[in-house]
Amino acid sequence: MLNFSRWAIAGILLPLIIGIFCAVPSFLPDSTVAKLPPFMQTRVNLGLDLAGGSHLLLEASTQDVAKQRLANMEEQVRTELRRGETKIAIGDISSRDGKLSFMVRNPSEVDAAVERIRPLTQGAGLTGQRDFNVEVVNSSTIVITPTQAGIDNAVKSAMQVATEVIRKRIDEMGTREPTIQQQGANRIVVQVPGLQDPKGLKALLGQTAKLEFKLVDMSANPSEVAQGRAPVGSEVLPYPTNPAGPPMIAVHRQVMVSGEELTDAQQTYDQQTNEPNVTIRFNGSGGNKFAKVTSQNVNRPFAIILDGKVLSAPNINEPILGGSATISGSFTVEGANQLAIALRSGKLPVNFVVVEERTVGPGLGADSIRAGLVASIVAVVAVAVFMFVSYGRFGMYANLAVAINVLVILGVMGILGATLTLPGIAGFVLTIGTAVDANVLIYERIREERRRGRGVVQAIEFGYKEASRTIFEANVTHAIAGGIMLALGSGPVKGFAIVLLIGIATSVFTAVTFTRVLVSGWVRRTRPTDIHI
């Protein structure tokens, strides 16, 4: 076990050298790291408690979920009743009082219409209820009412989708390791390390990015639109930049093309005015719908609606067949870029408002780092002195292994892009204290073998061989606990688990394999007749 070939030694030292090399950028200033090649910019990210940053608590509006579900059901009802050879004619659909109601023109087709609509309703989770109730009123009017169980189930689903959409948006901003967690039934906690100005973040997260294209209702009476009233089947939406003057406009409720059919969105510039805008591209289905709508409605205005507000209502001069469109609306470059990010990451299924906002200054993080460094230095010095006094030369080998272990941990974290938090520093200190456990087991076993009368080489071989089994079993149980914390924990607990698991793997390698290479080299070089541990 003490005979290592040159290739074996190179295979052991190479990963340690790479780990140390990858740890170096974490100690360099940001300006220096920015000048390094990309493959050398492996740095450990600092968490919110170390680098400072922003903390936001977002609350969802459940009323928006109910409203959106009602609009989706209206679209499904229209499509279903027009499907097939036997089309069922209905009047305009009303959405007053949070329910859909419409009249079937031929009373004899009421039952057939109900049979077509009922499959559109679904079970609301495990409650045993439907998400919508369908009933007939006055023998010819069908009323579709959402149930509370259906709304609750929709809110739960919307919050899950919203959490993932928010994560995508923040990741596209270039931030690292944000903490995004659902809190309660309708709240999401967002923590972004290193972000001291949360204005842009709030603007991005507060944007639902619900993009819709609807036809303008040309039959609406302007005086009634100004009072917020629209014909049945239409709705009044705010139009702040209306060139015609009134800040309101009536549009048909039916969505002709939606943002869900986008494949890409990029911030671009208008070739004539050089003003920032957003160019969007549709998938095959959306491109076909857009081409069909613009072909059938030439010389009619087409409203581009974002989050319930009309950005513009240009006239369709000719069919648009290319599967792309441009959104303009007096954007700044930053505003257009944020809209593009929001559209690319998908729409939020619900509106959010910021109910709590905190900014953690970097000064607190500096104090935390300083306290962690002091604790780490004290731990390193105490362990080093104890090992040297107890085991002499072998203790120095263990100390060197611990020092390399710390650098390799930082290097591995840099490669993985892991985040170091204050509990992570605690994991560092714990790793330093326990990293020498393996060496203690090995050295004590060598002592025992020498007392049994074995020679120097045999004692060392048996010490490493017999202790390795115990070391492996002890660290497996340690790793199981760390794995559970990593899988089930979040935030600081997860940061602690990451450092702990990396530390277990690197400490076993350095304590067992690396020190054995050092001891082997010393034995072959000096060929001692006795050892003093």
Side-chain angles (χ1 to χ4, degrees), residues 12-27 42-47 49-50 177 368-369 371-384 386-387 395 397-442 467-468 470-516 518:
I12 293 171
L13 297 181
L14 183 61
L16 298 180
I17 293 173
I18 293 175
I20 295 172
F21 181 77
C22 293
V24 172
S26 296
F27 298 96
T42 54
R43 302 190 71 187
V44 177
N45 303 314
L46 298 181
D49 50 359
L50 298 181
E177 296 296 326
S368 301
I369 295 174
L373 288 176
V374 170
S376 301
I377 292 172
V378 171
V380 169
V381 171
V383 169
F386 172 79
M387 292 300 292
Y397 292 156
N399 291 337
L400 179 60
V402 169
I404 292 177
N405 181 46
V406 171
L407 294 176
V408 172
I409 292 174
L410 289 174
V412 173
M413 292 182 66
I415 293 173
L416 298 178
T419 297
L420 181 63
T421 60
L422 192 57
I425 292 181
F428 253 115
V429 177
L430 180 62
T431 300
I432 293 169
T434 59
V436 296
D437 283 355
N439 294 111
V440 171
L441 290 172
I442 293 169
S468 295
T470 304
I471 293 168
F472 177 77
E473 292 174 352
N475 281 280
V476 165
T477 57
H478 206 182
I480 290 174
I484 292 174
M485 285 191 291
L486 180 65
L488 303 181
S490 60
V493 175
K494 194 170 185 177
F496 176 83
I498 289 173
V499 176
L500 184 64
L501 289 173
I502 295 174
I504 290 172
T506 57
S507 63
V508 170
F509 183 77
T510 55
V512 177
T513 307
F514 177 66
T515 60
R516 191 167 62 190
L518 297 178

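- Partners of Leu14 by side chain to side chain contact (heavy atoms under 4.5 Å, CB included), not counting sequence neighbours, listed by chain and number: Ile18.
- Once rounded to the nearest 0.5 Å, the distance linking CZ of Phe509 with CG of Leu16 reads 5.0 Å.
- Contact of the Val402 side chain with the Met387 side chain is not registered, since no non-hydrogen atoms from C-beta on lie closer than 4.5 Å.
- Residue Thr506 holds its OG1 atom at 8.0 Å from CD1 of Ile502, rounded to the nearest 0.5 Å.
- Checked against side chain to side chain contact (heavy atoms under 4.5 Å, CB included), Val24 has the following partners two or more places apart in sequence or in another chain: Leu28.
- Shortest non-hydrogen contact noted between Ile471 and Asn475 is O-ND2, 2.8 Å.
- Residue Ser468 holds its OG atom at 5.5 Å from CD1 of Ile442, rounded to the nearest 0.5 Å.
- Taking Thr510 as the reference, nothing meets the side-chain hydrogen bond (donor to acceptor under 3.5 Å, both in side chains) condition, with sequence neighbours excluded.
- Scanning both residues, Gly503 and Asn405, for their nearest heavy atoms gives O-OD1, 4.2 Å.
- Of the options Ile409, Ile415, Leu416, a side chain to side chain contact (heavy atoms under 4.5 Å, CB included) to Met413 is made by Ile409 and by none of the others.
- Asp437 pairs by the side chain to side chain contact (heavy atoms under 4.5 Å, CB included) definition with Thr434, not counting sequence neighbours.
- In this structure, Ser26 contributes its side chain and Val44 its backbone to a donor-acceptor pair below 3.5 Å.
- For Ala479, the side chain to side chain contact (heavy atoms under 4.5 Å, CB included) partners at least two apart in sequence or on another chain are Leu501, Ile504.
- With a 4.5 Å cut-off on side-chain heavy atoms, Val436 and Phe386 do not count as touching.
- A side-chain donor-acceptor contact under 3.5 Å links Asn399 to the backbone of Gly395.
- Distance CD1/Ile12 to CZ/Arg516: 7.0 Å, rounded to 0.5 Å.
- Of all heavy-atom pairs spanning Ala511 and Ala438, the tightest one is CB-CB, 3.7 Å.
- We find the CG-OG1 distance between Asn439 and Thr515 to be 5.0 Å, quoted to the nearest 0.5 Å.
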